[in-house]
Amino acid sequence: MDKLMALWTGSGLYNMDAGSLTMIVIGFLLLYLAIRKNFEPLLLVPIGFGGILANIPAAGLAYSAVEQLAHVGSAAQLDQLAAVLGTQFENYKQILDVYYSAPAAVKLTAEQLASDLNYNNGMLYNFYSVAIGSTVAPLLIFMGVGAMTDFGPLLANPRTLFLGAAAQFGIFATVLGAVGMSSLGWMDFSIEQAAAIGIIGGADGPTAIYVSSVLAPELLGAIAVAAYSYMALVPMIQPPIMKALTTEKERAIEMVQLRPVSKLEKIMFPLVLLVLVALLLPDAAPLLGMFCFGNLMRECGVVDRLSDTAQNALINTVTIFLGLSVGSKLVADKFLSTETLGILALGIVAFAIGTAAGVLMAKLMNKLSKTQINPLIGSAGVSAVPMAARVSNKVGLEANPHNFLLMHAMGPNVAGVIGSAVAAGVMIKYVSAIAG
Amino acid sequence: MDKLMALWTGSGLYNMDAGSLTMIVIGFLLLYLAIRKNFEPLLLVPIGFGGILANIPAAGLAYSAVEQLAHVGSAAQLDQLAAVLGTQFENYKQILDVYYSAPAAVKLTAEQLASDLNYNNGMLYNFYSVAIGSTVAPLLIFMGVGAMTDFGPLLANPRTLFLGAAAQFGIFATVLGAVGMSSLGWMDFSIEQAAAIGIIGGADGPTAIYVSSVLAPELLGAIAVAAYSYMALVPMIQPPIMKALTTEKERAIEMVQLRPVSKLEKIMFPLVLLVLVALLLPDAAPLLGMFCFGNLMRECGVVDRLSDTAQNALINTVTIFLGLSVGSKLVADKFLSTETLGILALGIVAFAIGTAAGVLMAKLMNKLSKTQINPLIGSAGVSAVPMAARVSNKVGLEANPHNFLLMHAMGPNVAGVIGSAVAAGVMIKYVSAIAG
Amino acid sequence: MDKLMALWTGSGLYNMDAGSLTMIVIGFLLLYLAIRKNFEPLLLVPIGFGGILANIPAAGLAYSAVEQLAHVGSAAQLDQLAAVLGTQFENYKQILDVYYSAPAAVKLTAEQLASDLNYNNGMLYNFYSVAIGSTVAPLLIFMGVGAMTDFGPLLANPRTLFLGAAAQFGIFATVLGAVGMSSLGWMDFSIEQAAAIGIIGGADGPTAIYVSSVLAPELLGAIAVAAYSYMALVPMIQPPIMKALTTEKERAIEMVQLRPVSKLEKIMFPLVLLVLVALLLPDAAPLLGMFCFGNLMRECGVVDRLSDTAQNALINTVTIFLGLSVGSKLVADKFLSTETLGILALGIVAFAIGTAAGVLMAKLMNKLSKTQINPLIGSAGVSAVPMAARVSNKVGLEANPHNFLLMHAMGPNVAGVIGSAVAAGVMIKYVSAIAG
Amino acid sequence: MSQEADLINEGLSLMMFGMGFVFVFLTVLVFATSLMSKITLALAPMAPEKATPNARPSVAPVASDPSSDPVLLSVINEAVRQHRARRQ
Amino acid sequence: MSQEADLINEGLSLMMFGMGFVFVFLTVLVFATSLMSKITLALAPMAPEKATPNARPSVAPVASDPSSDPVLLSVINEAVRQHRARRQ
Amino acid sequence: MSQEADLINEGLSLMMFGMGFVFVFLTVLVFATSLMSKITLALAPMAPEKATPNARPSVAPVASDPSSDPVLLSVINEAVRQHRARRQ
Ligand code: NA
Ligand code: NA
Ligand code: NA
């Protein structure tokens, strides 16, 4: 009879609480958006599914062994844990806070205790540790993205890099917004958290995940969901801003055809970029280094096997684990907080400001130079490859049916990827300079 | 000269013993069955090869550093190990028993000693730890199987789920058999071990490996070999039972054509299953969660890249490591025991009982409903996808040459996969409720 | 303002030193050779790129957390580290030497300190630990190479195995050269290091990396670079030696066509080889075991899925990580030493001696047997598959335009792979017998 | 009670609970699936992707792997060869 | 100064330094790239692999419809023809 | 004996043992392989899969890997589809 009880008291129905239920509904919502509305499905399907799994009551898939012990341990076990941590047990939040801030040696002892008491790491916790905790997954995604990126349009017109720079203004404006909210007492973001939230404005998934895994892992779930959702919303967010900031005549500007780019230039570009990163911003070396490596494999023409694997089997595998791992950060007691609402609000502002800054920069460049560029390609500087470039093209066609901006917009589009990785490096450097 | 001696005393010939030789022969037998007789070659080729590697004398590929130390350490080194473990050295079995049951902190100290004495983990031991010890490999296989599974036939006729339920009777009958053998004093199985042995009756490789890695890792080798071998033997085991329990007329029953199934139903099914798992049996969440995730990736139509990788590069890679890792559990001193014979005997009984239960359930359903089903498809409820469904089809054709049962049998066939994963969850829950 | 300073003092320009600059130039040189001169690009592109990344000043991508602490820690932090290691801090080299030779328990304490002080392992350090530190990457490459190797030509003419044996003389002569250099006081190689250097003469990348990761990880960078560079130079190194040791008439010898080889023979060969390894040289079991496993998957015909993945997605993925990991060993303070020059000098001598030994062995076999073989195929015994066999073919065609040696040279070519793996096993056995 | 009888009892109760739960779970799944199908078909009246009887052979991907069909392989190889030849 | 004002100051200075550095970096990259292109084209005068406007659509590898390409179609037809011939 | 001479001696003995063992091992392999071939051919008299001189070029898969050429891939896919359609 007590086994029947165990089955019942161990069931999801018995243990369901409002938080878990809410998060499961959110998980299904993400799946709906991904599958029906085609919102960045490659990431949001695994993230949404991982979010549901993480919130299955009593399964504890997203918890480490110590977290499981803290959540479901008996009174005696919790006292043992408290003794190991040198404190008294009050509730699971308090004991976990002590654990998270304990020195590494104490953490190890707590882990050994949990292991001796037969607690194990949950599946999603393991995925997270291996894929994101080690930072390897976003870096491999970046390598794959590098191997898929054609820098031809950028090389044909390097000035478009300025557009990719301007659009990063969204990142830093958002940081300011986040610290502003904290100053007003609405939220309670540290400077690390503000920096991690800002990177949503980079409109670049792996960069956002990388930065928040380094600076603010506790916000990773909300940041990743915001980043990918808003990237999917680019076709709705950007056009009104683009139209508000440009005249009909500006939108109708036709651009001169791009010059052809030689194979050698394409091979040299990732190496030039690598050298600049090495000289100017070593903190961006992991991200941009892997990106340049992927691109070099693509262009050099002698390692097509490797490039092909980086673009297919490897990036797909990593994407599956990355998505599920991000999902593991959607557990109710971490995700359901006013901070998440703040992050979602700041994220969309970041996109809007980045878009505006890109368009305005293009108009400024037209003031300073004779070769006119269509300011609509400025919005592509936020990244969101290749969606933002397609938006530029579409809005351009509305103004002038002979105006094919796609290739011209690919320049600022990939420049935006570089720009936000540089911004990521600066923020990591800056914040660690404060901390150190 | 002493180097020549070292070469000789370190050779396999010098160190060969009857146990290792027997296991190497068994490894070759598995390879023969896999390659010549086509016995589940995707698993049995790596398992057989891994078994041979694991038993190469003096190579110690399947041992951890501490196990190597215990096997080949000098007297002084063994005394050090005993001191660390707080005991006196008698023989390697005794010292390892102490080690296995030591608390995690003591285990770490023993590992540090082995490292300081220049012992390393063997290759296969590492593979096992990463692939099976972490439970990730069976879960990824299940994800891949989910991505390969078409639930169309099941959705067209959901009643066939009852057949998949009934066939799990083989699992629980075998548990009873195992504890019975122990009660009679023939074997010495604990309830955990009995549960792990029973799962052979699920006729589902990754489920069997997952359950035994959680409940009885010491039996994993025998259980996996039994499960895959008997799955290969399904065309021989099942037909006599199916024919004995049915009349010629029953076998000739033609079934109405299956209704077409819409895309949306196929997308919704893994989500419905996931919700039920979440509500009713969180302990099955890792297995069935990954299975549903794989199936959702397959059906949702927006992440074909990921689904393709899950069905090919990823599952193939995992299969290689899973097979070699299972092979590492075929070391002589773990595998060669009367328990293995008991497991092999119980395993075939499990398959037979499961087959019979499925067929009888189909006959019972015919008694209770007007829509007649051919009882031959009941045997497909044991899983062994797609072999068991093909057997149903073949036996059906023998009775009636116009009787194409393949698609009808796919319903109970995939239902059996779900059924044994549910049974796995129940057993893990039940056994841990006893232990806790 | 101090943040601006931090940005500047943290930049690569500020921290650049002659050593890092030299190594970055060497990295670019390797990329040039790989991309423009087609020097083993699959490995040298990742190695060269990894070498550049490893030497980005202030990024510390190739350092562990403790190494980072030792390099850039504050005075107070370094004193803490020294206290943990039970010593006084003098400089980073001294403190790291103490750390490297500390017992495992002390190492763990130092790692915990570094973690508490917010130092993390660099990206390339992690890649190295997982891929090479665990020895898994070279073993998986070997499995993939096994799955790509056709032993048909060898089976048709097994005597060519003698050529593969003879060419390993290059390995052992180089060992002698290395200890000789040490005796003369030119270098300071231990017997482990000499053995690891010798394996360059095996002309087989993964074998060289495996052996040096086991015996002399500190030399791995130089050894891998030498091995792959000289393999690429085979078409320049070998022909003069081959011509010097043969007469025009010998080079014109036409060989009888190879007999057809049955499928069953091809399946049996990796198993025969495995049995011999198990009986005679267990220390070669990881390398040759994985090689035989790959070849069995290729030939058995029932696991084509697995064989295909082993030859493509899996080996490509592993190659990327292996290359970057080797690159991590090109950090200036490990690579820039007279020892590296010695290794480069010894490596080319090893290739030359191996080539000569193979050719002379072929001439000797012609003396002892009536069936004449063209001595040009002897040079293919060094491995460097399939480059060395192509060289044999080319030189043969120069002497006699009807002389197609390619398939005949494939026999000794793959025999050389086996030969150097056997030599690797012997050296590991021998050196550990000295140490133990 | 003896330890042996204990173990037997454990086995019996595991069998009853286990089989019972499996049936309960799959019965609930039958109803949930049927309900889901009804709702689904009501919401989006059948635009059948494919009739299941002719559907792809589900859990048997090996058969549809072109590399396991030698005839198919030769077709592919021929196509590749010709395409390459033509491009040069 | 209050802690809130501190945080705001940090935010402001991060914005200035950050945006500044991004612009400096990308400006240097513009010049470095232009220089590289000039040197490259001087050293190896244009053997253009492909004109970019017609280049493959970069980050979207999924596309490319075979049935719209007459060359491909003829390759396929040829392959199929040969395959049939061979089977007879 | 001096330490240098010691090291030289180690090197010499490693060379002798090593080369010796390599030759012993490969000689045994020659005999084992020949024996295996004889037994194999006696048991299953030659149904030669392929004559080796025309065998696929073993260790050089890169050039012949069709999956690295997207255009080629679509040709292949089309050929496969057509072939299947025709077979039904
Ligand atoms: Na961006
Ligand atoms: Na089953
Ligand atoms: Na060799």
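Quick caveat: nothing in here was measured; it's all calculated off a predicted structure. Every chain is numbered from 1 and lettered A, B, ... according to where its sequence line falls, protein lines coming before strand lines.
Considering only heavy atoms from C-beta on, C:Phe172 comes within 4.5 Å of F:Val22 through its side chain. With contacts defined as side-chain heavy-atom distances shorter than 4.5 Å, the pair C:Val277/F:Phe25 qualifies. F:Phe21 has its side chain within reach of C:Leu280: a pair of non-hydrogen atoms, C-beta onward, lies under 4.5 Å apart. The side-chain heavy atoms of F:Leu41 and C:Arg259, taken from C-beta on, include a pair separated by under 4.5 Å. The shortest distance between side-chain heavy atoms of F:Met15 and C:Val175 does not fall below 4.5 Å.
Within the model, atoms CG of F:Leu12 and CG of C:Leu176 stand 5.0 Å from one another, a figure rounded to the nearest 0.5 Å. Separation of atoms CG (F:Leu26) and CG (C:Leu161) is listed at 5.5 Å; rounding is to 0.5 Å. Atom CD1 of residue F:Ile8 and atom OG of residue C:Ser182 lie 8.5 Å apart, to the nearest 0.5 angstrom.
Both the backbone and the side chain of F:Met19 have a heavy atom closer than 4.5 Å to some heavy atom of chain C. There is no contact between C:Phe404 and chain F, counting heavy-atom distances below 4.5 Å. Residue C:Val275 does not touch chain F at all, counting heavy-atom pairs closer than 4.5 Å. In this structure, the portions of C:Ala423 lying under 4.5 Å from any heavy atom of chain F include both its backbone and its side chain. Of the two parts of C:Ala389, neither the backbone nor the side chain holds a non-hydrogen atom closer than 4.5 Å to a non-hydrogen atom of chain F. Heavy atoms of C:Met387 lying under 4.5 Å from chain F are absent altogether.
The greatest number of non-hydrogen atom pairs below 4.5 Å with chain F, out of C:Leu276, C:Leu264, C:Val426, is found for C:Leu276. Per-residue counts of heavy-atom pairs under 4.5 Å with chain C were compared for F:Leu43, F:Leu35, F:Thr27; the largest is that of F:Thr27.
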Margin query: Between C:Val179 and F:Glu10, does the side-chain contact (heavy atoms from CB on, under 4.5 Å) criterion hold? Intermediate values first, please.
Written below: CA-CA 8 Å; C:Val179 299; F:Glu10 291 292 3; 6.0 Å; no
Check: After noting the C-alpha distance and the side-chain angles of C:Phe269 and F:Thr40, does the key distance pass the side-chain contact (heavy atoms from CB on, under 4.5 Å) rule?
Finding: CA-CA 11 Å; C:Phe269 180 73; F:Thr40 299; over 6 Å; no
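Within 6.0 Å of CZ in C:Phe169 there are 12 or fewer heavy atoms belonging to other residues, nucleotides or ligands.
A pairwise comparison of heavy atoms in C:Glu265 and F:Met36 identifies O-CE, 3.6 Å as the closest pair. Of all the heavy atoms in F:Gly11 and C:Ile191, the pair that sits closest is N-CD1, 4.1 Å.
Between C:Phe162 and F:Phe23, the ring-plane angle classifies as parallel under the 30° and 60° cut-offs.
Residue pairs that meet the side-chain hydrogen bond (donor to acceptor under 3.5 Å, both in side chains) test with at least one member in residues 155-176 of chain C, sequence neighbours left out, are C:Arg159-C:Ser369.
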